[in-house]
Amino acid sequence: MNARKAALLPSRIALIFLLSLLASGCGSLFFYPQKELYDNPIAKRFHPDDISFKSSDGITLHGWFFQSQKEPKATILVFHGNAQNLSTHVNSVLWLVKEGFNVFIFDYRGYGRSEGSPGIAGVNRDGAAALETALNLPCLQSMPVVVLGQSIGGAIAVYTVAHAPDKSRIAALVIDSTFASYRLIAREKLDSFWFTWPFQYLLSYLVGDSYSPVLWINKIAPVPVLILYGEKDAVVPDHHGRMLYDAASQPKESWMTPLPGHIMSFGVEEIRRKFVDYLCNKINK
């Protein structure tokens, strides 16, 4: 390869990357679904029930419902992160079943047994459908619901609760390791690669920002908001948690997790105990 071709190579790579983003609607930046459910012996011990429901555009979605091992205090609706599917993400919340909470976790379109393919608008439709399902399952009617979103699931959860037609049974919104803005996190990730760094602002403006949680979190009230974020999270840096807390309306709280890694809050036993106390306080008000 001559010097001129070598000099043009980074620009060509960036151009290919740009074209792929345009072709995919930028969804490839955010969604990494796995269709096959992983064999999960831990989840099997909790005997999940399969739940099927439809999104507003007719896409059939799949979820797992775990009945509390005690008299249930509430149902926790889980919005999981952007990779794999519910069969792996569920392990981070199964401990709540032992603490007296029902857990309802679902897959967005394109994940696991859910139909379709993911995109930002579509998964937000799915979030609304999941909340409606959690509020209207015959066995759960009149029971309070806690919405828990992890990573990108937190972004979807914020939009979902902000637009919920009836918030009276939503006891709390909890988001863990969630970015403040689709556009901002895209720019930060583009900034981290040498071949996209020169184009980070241009490429990030291809990412729609209208569903970003920082724009909607102030619409959650009167539902209480709890924001969990990691001090040493390399995937979603801690300034995103602070941005979301600043933008949220009261009542609100934020807890910082000292462990390194992404979505690590429930890896801290003290935070688990504090979280159960927090939920019981919000449910009993």
Side-chain angles (χ1 to χ4, degrees), residues 29-32 76-86 88-90 92-93 96 103-108 111 118 120-128 130-131 134 145-164 167 170-186 188-189 207 209-221 223-231 233-249 251-257 261-267 271 275 278-279 282:
L29 280 174
F30 297 104
F31 304 109
Y32 300 90
I76 298 181
L77 172 62
V78 180
F79 290 61
H80 67 63
N82 72 339
Q84 299 175 335
N85 54 52
L86 57 72
T88 55
H89 287 283
V90 73
S92 69
V93 293
L96 289 161
V103 170
F104 177 30
I105 185 171
F106 72 100
D107 271 330
Y108 318 112
Y111 287 76
I120 293 175
V123 299
N124 280 278
R125 285 178 179 266
D126 302 342
L131 178 58
V145 171
V146 174
V147 178
L148 168 61
Q150 296 179 309
S151 194
I152 197 172
I156 303 165
V158 168
Y159 189 86
T160 296
V161 176
H163 290 82
K167 300 177 184 176
I170 304 175
L173 168 67
V174 183
I175 57 175
D176 183 6
S177 306
T178 296
F179 53 81
S181 159
Y182 287 94
R183 183 171 294 160
L184 175 60
I185 196 69
E188 290 175 354
K189 296 309 173 186
V207 177
D209 217 30
S210 59
Y211 290 92
S212 288
V214 73
L215 302 178
W216 297 107
I217 198 165
N218 67 333
K219 305 296 184 185
I220 300 300
V223 176
V225 179
L226 172 60
I227 299 167
L228 309 176
Y229 64 96
E231 180 182 16
D233 188 340
V235 177
V236 177
D238 58 1
H239 61 263
H240 285 267
R242 292 194 296 271
M243 287 175 64
L244 288 170
Y245 179 80
D246 289 343
S249 301
K252 61 182 178 179
E253 292 185 36
S254 67
W255 304 348
M256 187 170 65
T257 304
H262 186 52
I263 318 179
M264 294 300 294
S265 296
F266 295 145
I271 290 180
F275 185 60
Y278 172 89
L279 293 182
K282 300 306 177 188

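Just so it is clear, the model here is predicted, and its values are computed rather than measured.
The two residues P224 and A171 come nearest to each other via the heavy atoms CD-O, 3.3 Å. For S254 against Y229, the heavy-atom pair with the smallest separation is CB-CE2, 4.1 Å. The two residues F106 and A130 come nearest to each other via the heavy atoms CE2-CB, 3.4 Å. In terms of heavy atoms, P237 sits closest to I185 at CD-CD1, 4.3 Å.
Of the possible polar contacts, none joining the S212 side chain to the V214 backbone as a donor-acceptor pair under 3.5 Å is found. Of the possible polar contacts, none joining the D126 side chain to the Y108 backbone as a donor-acceptor pair under 3.5 Å is found. Counting only distance, with no hydrogens or angles, the side chain of T178 and the backbone of S151 share a donor-acceptor pair below 3.5 Å. A donor-acceptor pair is defined here as one N or O able to donate and one able to accept, closer than 3.5 Å; such a pair exists between the side chain of Y111 and the backbone of N82. D176 contributes no side-chain N or O that, together with a main-chain N or O of I263, makes up a donor-acceptor pair within less than 3.5 Å.
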>> Assess the residue pair F179 and I152 against the criterion (side chain to side chain contact (heavy atoms under 4.5 Å, CB included)); give the C-alpha distance rounded to whole Å, side-chain angles, the decisive distance to 0.1 Å, and a yes or no.
In response: CA-CA 7 Å; F179 53 81; I152 197 172; 3.8 Å; yes
>> With side chain to side chain contact (heavy atoms under 4.5 Å, CB included) as the criterion, how do V147 and T160 come out once you've worked through the C-alpha distance, each side chain's angles and the decisive distance to 0.1 Å?
In response: CA-CA 9 Å; V147 178; T160 296; over 6 Å; no
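Taking CG of L184 as the start and CE of M243 as the end, the distance is 5.5 Å to the nearest 0.5 Å. Here the CD1-OH distance, from I120 to Y182, works out to 5.5 Å after rounding to the nearest 0.5 Å. With rounding to the nearest 0.5 Å, the separation of CD1 in I217 from CD1 in I227 is 4.0 Å. A distance of 10.5 Å separates CG in L77 from CG in L173, rounded to the nearest 0.5 Å. The CG atom of L244 sits 11.5 Å away from the CG atom of L228 when rounded to the nearest 0.5 Å. If you take CG on N124 and CD1 on I156, they are separated by 5.5 Å, rounding to the nearest 0.5 Å.
Pairs engaging residues 239-248 under the side chain to side chain donor-acceptor pair (under 3.5 Å) rule: E188-H239, E188-H240, D238-R242 [sequence neighbours left out].
Side-chain atoms of I105 and H89, non-hydrogen and from C-beta on, do get closer than 4.5 Å to each other. The shortest distance between side-chain heavy atoms of V123 and Y211 does not fall below 4.5 Å. Put simply, the side chain of W255 does not reach to within 4.5 Å of the side chain of T257, judged on heavy atoms. At least one side-chain heavy atom of I76 sits less than 4.5 Å from a side-chain heavy atom of L279.
F275 and F266 have their aromatic ring centers within a separation under 6.0 angstrom.
The side chain to side chain contact (heavy atoms under 4.5 Å, CB included) check on E231 picks up M256, P258, with sequence neighbours excluded. Judged as a side chain to side chain contact (heavy atoms under 4.5 Å, CB included), and not counting sequence neighbours, the contacts of S92 are Q150.
For K219, the NZ atom counts as loosely surrounded, since its 6.0 Å shell holds 12 or fewer non-hydrogen atoms of other residues, nucleotides or ligands.
None of L131, V146, I220 except one satisfies the side-chain contact (heavy atoms from CB on, under 4.5 Å) rule with I170; the exception is L131.
A donor-acceptor pair shorter than 3.5 Å cannot be found between the side chains of N85 and H80.
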